[in-house]
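Below is one structure; the comments refer to it alone.
So that the names make sense, note that chain A is the first sequence line, chain B the second, and so on, each numbered from 1.
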Amino acid sequence: MLDINFIRAHRERVEDAIRNKGYADEIDLDHILQLDDERRNLSGKADELRRERNQIAGQMKNGKPEPALIERGKAIKQELAKLEGMLAEIETSYIKELKAVPNVYEDDVPVGLSEDENQVDEVVGEKPVFDFTPKNHYEIGLQRDWIDKERAAKVTGARFAYIKGDMVKLQMAVINFVMNSLTNEAIVAEIIKKHHLTGLSTKPFVTVLPPLMLRTEMYDAMDRLEPREDRYKIEGEELWLQGSAEHVLGSMHSGEIFDEAELPIRYLGYATSFRQEAGTYGKDMEGIIRMHQFDKLEMESFTTKETSRQEHELFVAIQRWLVEQLGLPYRVIKKCTYDIGKPDARGIDIEVWLPGQGKYRETHTADYMTDYQSRRLNTRVRRADGTLELVHTNDATAFALGRIMIAIIENYQQADGSIRIPEALRKYLDGKESL
RNA sequence: GGAAGCGUGGCCGAGUGGUUGAAGGCGCACGACUCGAAAUCGUGUAUGCAGAAAUGUAUCGGAGGUUCGAAUCCUCUCGCUUCCGCCA
């Protein structure tokens with residue numbers, strides 16, 4: 001959620017965000033500001049009544065109850081109830097409308113109302129050359145008996161799979177590789193140095209196995225509950241399956257106040273994520289590109305406002321480093337205003353080359369939220385000078401395991417269906433060179 | 001799932017209807033004392049909203065109710081603890 005005072009002071013930027021993120025039809029800023037005025041006005045009147053009420057209560061304390069005061073008290077009570085009723089009504093629509101206003105975006109975010117306006121920022125790595133016709137991951141998965149969607153269809157329906165055999169070991173190897181790398185301060189420091197992110201802390205990540213569910217209230221405060229059709233709700237509970245570890249990591253410090261010295265706080269979460277994939281019927285049906293359930297390693301951090309933009313760049317730098325360590329060709333996409341999320345001030349995707357599909361596919365995303373999420377989560381920091389302010393949040397994929405295994409399998413395939421193992425993963429697979 | 005108890009400030013803890021945003025202690029900050037420190041003493045030390053400020057107002061897990069007046073009484077709800085049941 002944005003600060004109403006920010007909206008008033010930066011009206012144009014907010015209007016740009018509303019228009020360029022595609023919310024023009026849904027949001028009426030004038031109305032929100034008008035509601036805010038009414039709200040302040042009523043709240044002032046209510047405060048005045050309460051003041052009188054408290055004063056009367058104070059007078060009553062020492063003497064015997066005076067009929068006149070009691071009468072006045074009763075009148076105040078009635079009047080206040082009326083005012084509070086009106087106030088609650090206004091407040092409800094005010095908050096509802098204010099919540100709907102998207103975050104403003106950074107200057108370098110391309111403006112555009114469709115994902116066609118996303119910009120390819122950089123293309124890195126050599127696409128592999130094969131002396132045979134490369135297969136897609138599903139063909140290889142079937143050949144090697146690594147992926148079983150037939151039985152999954154029987155048990156759970158479409159968009160589920162049993163992953164088996166060496167492919168499971170491959171996933172475990174990727175997990176171990178990432179966990180070991182990002183908890184290593186030297187590696188974080190090296191990436192910071194390489195990308196000239198001077199001034200950023202080299203603090204390594206803390207690994208987390210988070211809960212896979214979260215309450216409606218927290219999900220909503222994260223501003224990731226919508227669209228609900230894409231979420232799984234637990235029947236009879238105010239609980240949802242998370243669609244990304246970010247949802248449970250970002251909300252874990254809700255209502256807390258950090259000391260400035262504790263920041264940055266960096267988490268590396270590993271969790272299975274769940275998505276209904278509403279509105280994608282018939283899309284990406286081959287293999288395991290788009291599943292209802294997939295495992296993911298996710299980065300999340302809490303920082304001060306001065307370092308949050310660089311932290312976002314660090315997250316992208318880490319993503320690139322991870323992809324490069326696996327020797328995968330990729331490109332960096334600067335997402336346009338339409339494609340970054342409602343709470344996001346900037347968003348970068350990384351797309352890895354998939355020879356089996358003959359195209360780049362999104363494997364990573366990095367979101368920079370400024371204080372948009374923390375305002376409703378009420379996650380704050382006490383600065384060295386004693387003042388309180390909202391923290392800034394960042395999240396980013398380390399690896400979406402399903403998609404990164406697709407990338408490894410397709411890029412490292414050999415004519416006989418075996419897979420060469422990227423150097424960086426070998427030590428986690430008994431030193432083997434292929435699977 | 002059943003039963004009981006409990007949820008107060010950074011922490012501990014008092015407070016069962018009337019200036020209680022809340023005693024006391026710990027912690028922390030500043031000051032005094034000291035060559036310096038410890039000890040001691042003094043002062044200060046929650047957050048939101050409105051306001052330039054003075055100040056006002058709200059907040060004692062959350063929501064609602066009773067009352068002229070609620071941290072205190074009632075209802076619901078969330079969380080924690082203990083016992084029983086079940087269980088990876």
Side-chain angles (χ1 to χ4, degrees), chain A residues 1-9 32-99 209-222 225 233-241 248 251-263 265 271-272 302 371-391:
Chain A
M1 189 170 76
L2 284 179
D3 178 1
I4 187 69
N5 294 319
F6 178 90
I7 295 179
R8 211 178 273 111
I32 294 173
L33 292 170
Q34 186 199 324
L35 283 175
D36 182 46
D37 284 342
E38 289 174 22
R39 184 183 140 257
R40 282 166 201 250
N41 188 280
L42 280 178
S43 152
K45 286 181 182 161
D47 275 1
E48 184 52 34
L49 279 177
R50 290 194 190 105
R51 191 194 58 74
E52 195 183 344
R53 180 191 66 189
N54 292 346
Q55 196 192 354
I56 289 175
Q59 286 174 27
M60 211 86 93
K61 189 211 169 186
N62 296 324
K64 301 127 221 157
E66 287 177 47
L69 286 181
I70 289 179
E71 279 316 301
R72 179 59 192 147
K74 284 184 177 170
I76 288 174
K77 190 172 155 177
Q78 274 192 356
E79 233 176 301
L80 195 55
K82 212 169 79 188
L83 267 183
E84 281 172 341
M86 287 162 68
L87 191 57
E89 207 171 299
I90 289 170
E91 201 101 357
T92 303
S93 33
Y94 165 71
I95 294 293
K96 187 176 166 217
E97 292 187 34
L98 186 58
K99 272 162 63 175
L209 289 176
L212 303 184
M213 300 179 202
L214 70 163
R215 312 182 117 131
T216 307
E217 193 192 344
M218 280 298 148
Y219 221 153
D220 190 43
M222 283 293 289
L225 180 56
K233 174 104 192 276
I234 305 297
E235 194 178 350
E237 308 260 348
E238 280 304 313
L239 276 178
W240 304 72
L241 288 173
V248 270
S251 47
M252 74 188 277
H253 291 292
S254 166
E256 295 182 26
I257 298 172
F258 296 117
D259 275 333
E260 183 172 352
E262 295 176 78
L263 301 182
I265 287 178
T272 302
F302 303 90
D371 62 7
Y372 191 89
Q373 282 182 326
S374 59
R375 181 160 292 106
R376 282 184 59 210
L377 291 167
N378 197 25
T379 309
R380 292 174 293 175
V381 51
R382 188 178 300 282
R383 301 301 300 257
D385 66 4
T387 58
L388 280 174
E389 64 188 34
L390 295 167
V391 297

Asp37(A) CG to rA50(B) C1', in whole Å, measures 13 Å
P spacing across the pair rG61(B) / rA14(B), given as an integer number of angstrom: 15 Å
Applying a 3.5 Å limit to both distances, which nucleotide forms a Watson-Crick or G-U wobble pair with rC68(B)? rG18(B)
Find the partner of rA32(B): check Watson-Crick (N1-N3 plus N6-O4 or O6-N4) and G-U wobble (N1-O2, O6-N3) distances, both under 3.5 Å, and reply none if neither fits. rU40(B)
Separation of Glu389(A) atom CD from rU47(B) atom P, in whole Å? 14 Å
Nucleotide paired to rG5(B) in any strand shown, Watson-Crick or G-U, under 3.5 Å: rC80(B)
Which of residues 71-92 of chain A have a heavy atom under 4.0 Å from RNA chain B? Gly73(A), Lys74(A), Lys77(A)
By salt bridge (charged side-chain N to carboxylate O under 4.0 Å, His left out), which residues pair with Glu79(A), not counting sequence neighbours? none
Hey, is NZ on Lys45(A) packed in by over 12 heavy atoms from elsewhere, all under 6.0 Å? no
Check residues 80-94 of chain A and write down every donor-acceptor pair under 3.5 Å in which the side-chain atom is one partner and the other belongs to a residue at least two apart or another chain.
{"residue": "Glu84(A)", "atom": "OE2", "partner": "Arg50(A)", "partner atom": "NH2", "Å": "2.9"}
{"residue": "Thr92(A)", "atom": "OG1", "partner": "Ala88(A)", "partner atom": "O", "Å": "2.7"}
{"residue": "Ser93(A)", "atom": "OG", "partner": "Glu89(A)", "partner atom": "O", "Å": "3.2"}
{"residue": "Ser93(A)", "atom": "OG", "partner": "Ile90(A)", "partner atom": "O", "Å": "3.3"}

G-U wobble or Watson-Crick pairing nucleotide for rU75(B) (cut-off 3.5 Å, both distances): rA63(B)
State, with a plain yes or no, whether a side-chain heavy atom of Leu35(A) is found less than 4.5 Å away from one of Glu38(A). yes
Interatomic distance at C1', rG13(B) relative to rU20(B), whole Å: 16 Å
Rounded to whole angstrom, note down the P distance from rU77(B) over to rG24(B). 38 Å
Between rA32(B) and rA39(B), how many Å separate the two C1' atoms, rounded to a whole number? 14 Å
Glu256(A) CD to rG61(B) P: how many Å, rounded? 18 Å
Separation of rU19(B) atom C1' from Arg53(A) atom CZ, nearest Å, is 13 Å
Partner residues of Tyr372(A) under the ring pair (Phe, Tyr, Trp, His ring centres under 6.0 Å) criterion, sequence neighbours left out: none
Between Asn5(A) and Arg8(A), does any side-chain donor sit less than 3.5 Å from a side-chain acceptor? yes
When rounded to the nearest Å, what value does the distance between C1' atoms of rC80(B) and rU8(B) take? 15 Å
Could you state the atom-to-atom distance from CD1 of Ile56(A) to P of rU57(B) in whole Å? 12 Å
Pick the C1' atom in rU67(B) and in rC86(B), then give their distance to the nearest Å. 46 Å
Under the salt bridge (charged side-chain N to carboxylate O under 4.0 Å, His left out) test, residues paired with Arg382(A) that sit two or more places apart: none
Roughly, in whole Å, what's the span from CE in Met218(A) to P in rC78(B)? 15 Å
With C1' as the reference atom in both, quote the distance from rG17(B) to rA71(B) in angstrom, rounded to an integer. 11 Å
Span that lies between the P atom of rG36(B) and that of rC49(B), in whole angstrom: 44 Å
Might you list the N or O atoms of the protein lying below 3.5 Å from N or O atoms in nucleotides 51-56 of chain B, with each pair's distance?
{"residue": "rG56(B)", "atom": "N2", "partner": "Asp47(A)", "partner atom": "OD2", "Å": "3.4"}

Distance check needed: rU45(B) C1' versus Leu388(A) CG, whole Å only. 13 Å
Between Ala46(A) and Gly386(A), just flag the one whose closest nucleotide in RNA chain B comes earlier from the 5' side. Gly386(A)
Residue whose nearest RNA chain B nucleotide is more 5′ - Glu52(A) or Arg39(A): Arg39(A)
Is the His253(A) ring parallel, tilted or perpendicular to the Phe258(A) ring (thresholds 30°, 60°)? perpendicular
Return the nucleotide paired to rC86(B): Watson-Crick means purine N1 to pyrimidine N3 with N6-O4 or O6-N4, wobble means G-U with N1-O2 and O6-N3, both under 3.5 Å. none
Pairing partner of rC49(B), by Watson-Crick or G-U wobble and under 3.5 Å for both distances, is rG56(B)
Is it true that, when you exclude Glu389(A) itself, more than 12 heavy atoms of the residues, nucleotides or ligands shown sit nearer than 6.0 Å to its CD? yes
How many whole angstroms separate atom CD of Glu217(A) from atom C1' of rG61(B)? 12 Å
Measure the CZ-CD distance between Phe302(A) and Gln373(A) for me, rounded to the nearest 0.5 Å. 8.5 Å
With a 4.5 Å limit on heavy-atom distance, are the side chains of Glu260(A) and Arg383(A) in contact? yes
